[in-house]
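Before any comments, here is the structure.
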Amino acid sequence: MKPIKKRLLTPGPTMVPERVLEALSRPTLYHRSPEFKEVFLETRQLLKRVLRTEGEVLILTSSGTGAMEAAVSNLFNPGDSAVVIVGGKFGQRWQELCQTYGVNPVVVEVEWGKSVKVEEVKRAIEENPGVKGVLVQICETSTGTVHDVRAIGELLKGYDDVLLIADGITAYGVYDIPTDQWGIDVAITGSQKALMTPPGLAVISLNGKAQERLEKVRDRSYYFNLRKEIKQQRKGQTAYTTATNLVVALNEALKMIDEEGLENVAKRHQILAEATREGVKALGLELLSENPANGVTAVKVPAGMDGQEIVRVAREEFGITIAGGQEHLKGKIFRLSHMGYVDMFDVLTGLEVTEFALKKLGYTSFDFGSSVRAAMELFSKKG
Ligand SMILES: *Cc1c(COP(=O)(O)O)cnc(C)c1O
């Protein structure tokens, strides 16, 4: 059967709710208008609720990497050192950003699919006196793995001059994370993952400690100047023209999260993730991650099969876009996303297309329909 519908089950961009698409299509607002100012200030307030922070929350016009770059360029001087947790593609990005800005990365290597051990972070800090920060992913999207950022925050309470900078792009809006309570000094997210908005906006929060650091670092970026942005955004302004339509759309998406309630949003993601894992295991497949995330599930490809083929068949023959692996995991895993505007029927679709694609590619050592049945059992139990 030829697909007539396209479905997006990738870990960003994700599916955008009709309500948000409608908001996106409203006439463009002038970024200095009173009308936009009101939306902008409200959006910052709503973001504070999702991030659960009393810190300063800034909206930047870029993809998520822009906020990562802003963190590195605004919070470190050349020659500073920072501990970088590298357990996947996005950890590598922290490392590369440090190198770009002359920050010495103290790399804690983690096997892809595993979580960093807090003792190793501690050791890295102890062995490198003077490190100015720890850069980590809350969820390493490339492997579908969660790092224990809460424990790292706990550890860093003993170190006054070390900032905890957490990339939570696939964690905020998936989990209910108390940013301030966990001791996250700088939190980062983006519009196109769990925040259910098209790509184009990044978010960065800075608590008091991070803002103090900001004052001690000399300007190194003209566009991503967080001091300038804080001054402007407190007034409902941005330093330069922001993507006003996207802000209006993000505002709508955040209202949806607020209406559902962050706790319920987190619970939904938990159940969707559990169902996906159960479904995959019912096919005799293994998860890549020892500590799997609730936003995306990385699945090991059966021996002798090319994972990229699964992704291709899903897209070309069934109209469903799932994600493959990156770097050395290319062909070795595929990833099913269940973050953002996703419900149980989307999860079932992801499992169904996995089965169809596997069968099509000659993998038949599973009971056809068993993943869907396993997921349905879980849904009917956990509702
Ligand atoms: C998506 C993502 C990013 C940002 O990537 P962009 O393509 O720049 O939006 C950063 N970190 C993680 C963990 C992500 O999943």
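Remember, it's a predicted structure, so these values are computed and weren't measured experimentally. Order of listing sets the numbers, starting from 1, for every ligand and every atom in it.
Taking every non-hydrogen atom of Thr170 and a distance limit under 4.0 Å, the qualifying atoms of ligand 1 come out as 15 (O). The contact set between ligand 1 and Thr141, taken as ligand atoms under 4.0 Å from a residue heavy atom, comprises 12 (C), 13 (C), 14 (C), 15 (O). Set against the non-hydrogen atoms of Arg93, the atoms of ligand 1 under 4.0 Å away are 5 (O), 8 (O).
With hydrogens and angles disregarded, a donor-acceptor distance shorter than 3.5 Å links the side chain of Arg335 to the backbone of Gly324. The backbone N or O of Ala71 lies less than 3.5 Å from no partner atom in the side chain of Asn74, so there is not a single donor-acceptor pair.
The option with the heavy atom closest to atom 4 (C) of ligand 1, from among Ile169, Ile138, Asp167, is Ile169.
Using a 4.0 Å cutoff on heavy atoms, Gly168 does not count as a contact of ligand 1.
Ile184 CD1 to Ile165 CD1: the interatomic distance, rounded to the nearest 0.5 Å, is 11.5 Å.
At under 3.5 Å, a nitrogen or oxygen of Lys193, whether backbone or side chain, sits near a nitrogen or oxygen of ligand 1. Residue Met68 places no N or O, backbone or side chain, under 3.5 Å from any N or O of ligand 1. For ligand 1, the polar-atom distance check finds an N/O of Thr65 within less than 3.5 Å of one of the ligand's N/O atoms.
Just one of Asn294, Asp346, Thr297 meets the side chain to side chain donor-acceptor pair (under 3.5 Å) condition when paired with His338; it is Thr297.
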Derivation and outcome, salt bridge (charged side-chain N to carboxylate O under 4.0 Å, His left out), residues Arg227 and Asp219: CA-CA 9 Å; Arg227 264 185 291 178; Asp219 287 351; 2.6 Å; yes

Tyr363/Phe366 under ring pair (Phe, Tyr, Trp, His ring centres under 6.0 Å): CA gap, chis, key distance, verdict: CA-CA 8 Å; Tyr363 179 78; Phe366 67 93; 5.8 Å; yes

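Only backbone heavy atoms of Cys139 (N, CA, C or O) come within less than 4.0 Å of ligand 1; its side chain stays farther off. Under 4.0 Å from ligand 1, the heavy atoms of Gln192 that appear belong solely to its side chain.
In this structure, Arg7 forms no cation-pi arrangement with Phe318, as its terminal cationic atom is not both closer than 6.0 Å to the ring centre and no more than 45° off the ring axis.
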